[in-house]
There are 2 protein chains.
Amino acid sequence: MSPDVIALASDHGGVELKALLKDELLKAGHGVLDLGTEGPQSVDYPDFAEAMAEAIRSGSAGRGVLICGTGIGISIAANRYPFIRAALVSDVTTARLARSHNDANVLVLGGRTMGAEVAKDCLKIFLETPFEGGRHAGRVLKMGQART
Amino acid sequence: MSPDVIALASDHGGVELKALLKDELLKAGHGVLDLGTEGPQSVDYPDFAEAMAEAIRSGSAGRGVLICGTGIGISIAANRYPFIRAALVSDVTTARLARSHNDANVLVLGGRTMGAEVAKDCLKIFLETPFEGGRHAGRVLKMGQART
């Protein structure tokens, strides 16, 4: 188990933002697991959501960051897995609430919709904010059920 | 099957916005299925995500709108179901791309993070925008796989 390692994955719409956030994480002393993609070649975002889910399932990483053009497709795909709570956020407020209310373990950003400075702030707040528990704990537990 | 019926569901954080969007849909001539909640009493958002999934699974509604405080929790819970593509959007641009790129069948909004006028515009664009298909179709198909 490597709970302190943060995994990063994106499709081609998130390559630049992923590289930037990877640098931020390394500078801050975090362990980083980069699951790709690299470069501008068109790839399918569900494949990178799957890679993230497997990294968290196996314990190779404790938390993750997913990026596609808007974050929508890759967040839908990641949330297919009942142990993933992938939060698509648009600002530091939603990044904070994703942790305090939803105990999100994956931060999702839009590589073509969010600017670099906003993304860096979202990542920082996401990593710093603890889960509140209390009345939110039962809801998080309900989200852990497999559905078909 | 009632593909033209639009289902609405929210937790207590989305009651006011749900009522407002319900009025908009009825004024525009849409069939509406209101799955609750009503009133300010605290409820669990996964229960309303489940109600939405069952309404779409059964064909009682073809599309839906889900609302919780931020939209994060209810979008995670809804996307547990492989036939739901629930898109948490923050503006008309992401509402449009959720349809054209991701073929989203459920629009997700934050009742405590999004203003009423933005929400009305998002709903309008969501309902009007067709799926582009093409290179996006294979990715949408991949998202339809059940995961555990």
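Chain identifiers are assigned alphabetically (A, B, ...) following the order of the sequence lines, protein sequences preceding nucleic acid strands; residue numbering begins at 1 within each chain.
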Between B:Arg147 (side chain) and A:Pro82 (backbone), is there a donor-acceptor pair under 3.5 Å?
no
Please check: side-chain N/O of B:Arg85 versus main-chain N/O of A:Gly73, any donor-acceptor pairing under 3.5 Å?
no
Please classify the contact between [X] and chain A as side chain, backbone, both or neither, with a heavy-atom cut-off of under 4.5 Å.
{"X": "B:Thr94", "result": "both"}
{"X": "B:Arg57", "result": "side chain"}
{"X": "B:Ala86", "result": "backbone"}
{"X": "B:His101", "result": "backbone"}
{"X": "B:Val43", "result": "backbone"}

Which heavy atom of A:Phe83 sits nearest to which heavy atom of B:Thr148, and what is that distance?
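Nearest heavy atoms, A:Phe83 then B:Thr148: CE2-O, 3.7 Å.
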With hydrophobic residues grouped by side-chain heavy-atom distances under 4.5 Å, do B:Leu97 and B:Val140 end up in a single group?
no
Show, in sequence, the C-alpha distance, side-chain angles and deciding distance for A:Asn79 and B:Tyr81, and conclude whether the side-chain contact (heavy atoms from CB on, under 4.5 Å) test is met.
CA-CA 9 Å; A:Asn79 284 317; B:Tyr81 299 85; over 6 Å; no
Exactly one of B:Ile74, B:Ile76, B:Asp44 should register a side chain to side chain contact (heavy atoms under 4.5 Å, CB included) with A:Met143. Which one does?
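Going through B:Ile74, B:Ile76, B:Asp44 one by one, the side chain to side chain contact (heavy atoms under 4.5 Å, CB included) with A:Met143 is satisfied by B:Ile76 alone.
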To the nearest 0.5 Å, how far apart are [atom1] in [X] and [atom2] in [Y]?
{"X": "A:Asn102", "Y": "B:Cys68", "atom1": "CG", "atom2": "SG", "result": "6.5 Å"}
{"X": "A:Thr70", "Y": "B:Arg96", "atom1": "OG1", "atom2": "CZ", "result": "10.5 Å"}
{"X": "A:Arg80", "Y": "B:Ile84", "atom1": "CZ", "atom2": "CD1", "result": "8.0 Å"}

